[in-house]
**Q** 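To start, I am sharing the structure in question, which I have written as structure tokens.
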Amino acid sequence: MTNNDIFKKLRVALMLRDDQIVEILELVDFRITKSELGAFFRDEKHENYMECGDQVLRNFLNALVIHLRGTKENPKNPNDVLAKHKAQIPAKDSTKERPEFKAKPRDEEKSRGDQSPSKSSSATKKPSKKQYPKGNAKVQVVEKVKYNFGKDKK
């Protein structure tokens with residue numbers, strides 16, 4: 001598992017936004033911009049993808065401990081901090097009802113009333129395999145290969 005995977009899983013598990021991660025990293029005097037942070041969460045094939053280094057992950061974990069537990073002088077309850085994160089996530093509008101899903105019939109051509117089913121039913125059939133008589137069996141390509149098992153040709 002790479003550092004990026006760990007970083008992504010922590011972000012999702014703690015329900016953190018980019019700006020919250022930047023604030024958490026500032027607790028240990030580690031400055032990072034949102035765009036640099038976004039590069040860690042991109043797809044590996046993206047041109048702006050960047051591998052999360054050990055130093056970034058180490059500083060994030062140290063800052064996360066301080067963020068959740070607090071300091072010796074000012075301790076915090078981690079559950080309260082996590083509840084605060086949940087409260088900051090905007091709720092989805094569930095007032096708008098979704099239309100009920102209706103499955104389409106399996107054969108749409110038969111269910112259309114404007115046209116008769118097409119005559120091209122042969123296109124839907126699977127191509128049949130050639131049948132060879134038992135006496136005239138087709139020679140497999142593998143049977144034609146001759147192996148010399150590492151012996152030099154003379």
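Only a predicted model underlies this, so the values are computations on that prediction, with no experimental measurement involved.
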**Q** Quick check: do Ile6 and Leu10 have side-chain heavy atoms less than 4.5 Å from each other?
**A**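 Of all side-chain heavy-atom pairs linking Leu10 with Ile6, at least one is under 4.5 Å.
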**Q** Do Leu27 and Val81 belong together in a cluster built from hydrophobic side chains that touch within less than 4.5 Å?
**A**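 Linked within one cluster.
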**Q** Would you give the length of the straight line joining atom CD of Glu23 to atom CZ of Arg17, rounded to the nearest 0.5 angstrom?
**A** 8.0 Å
**Q** When rounded to the nearest 0.5 angstrom, what is the spacing between CG in Leu25 and CD1 in Ile66?
**A**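 The CG atom of Leu25 sits 11.0 Å away from the CD1 atom of Ile66.
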**Q** Does the side chain of Val65 reach to within under 4.5 Å of the side chain of Arg69, using non-hydrogen atoms?
**A**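 A side-chain contact under 4.5 Å exists here.
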**Q** So do Leu82 and Met15 actually touch side chain to side chain, heavy atoms under 4.5 Å?
**A** no
**Q** Name all residues meeting the side chain to side chain donor-acceptor pair (under 3.5 Å) criterion together with Thr33; count only those two or more places apart in sequence or in a different chain, and write none if there are none.
**A**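 Partners of Thr33 by the side chain to side chain donor-acceptor pair (under 3.5 Å) criterion, ordered by chain and then number, come out as Ser35, Glu36.
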**Q** In this structure, are over 12 heavy atoms from other groups packed under 6.0 Å from Lys76 atom NZ?
**A** yes
**Q** Does Cys52 offer a backbone N or O that forms a donor-acceptor pair with the side chain of Asn3 under 3.5 Å?
**A**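 It does hold such a pair.
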**Q** Before accepting this row, confirm whether a basic side-chain N of the pair Lys45/Asp43 lies closer than 4.0 Å to the acidic partner's carboxylate O.
**A**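 Answer for the salt bridge query: no.
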**Q** Working to the nearest 0.5 angstrom, can you tell me the gap between Ile32 CD1 and Phe40 CZ?
**A**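 So the CD1 of Ile32 and the CZ of Phe40 are separated by 4.0 Å.
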**Q** Would you say the ring centers of Phe41 and Phe7 fall short of 6.0 Å from each other?
**A** yes
**Q** Would you say the side chains of Thr2 and Asp5 form a donor-acceptor pair under 3.5 Å?
**A** yes
**Q** Let me check something: do Val12 and Met1 share a hydrophobic cluster, defined by ILVMFWY side-chain heavy atoms less than 4.5 Å apart, either directly or through other members?
**A** no
**Q** Which value, rounded to the nearest 0.5 Å, describes the distance between Leu16 atom CG and Ile21 atom CD1?
**A**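 It comes to 5.0 Å.
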**Q** Are the side chain of Asn4 and the backbone N or O of Met50 linked by a donor-acceptor pair below 3.5 Å?
**A** yes
**Q** Kindly compute the distance separating CG (Leu57) from CG (Asn62), expressed to the nearest 0.5 Å.
**A** 9.5 Å
**Q** Would you say NZ of Lys8 has more than 12 non-hydrogen atoms from neighbouring residues, nucleotides or ligands within 6.0 angstrom?
**A** yes
**Q** Going from CG on Asn79 to CG on Leu68, what distance comes out if it is rounded to the nearest 0.5 angstrom?
**A** 9.5 Å
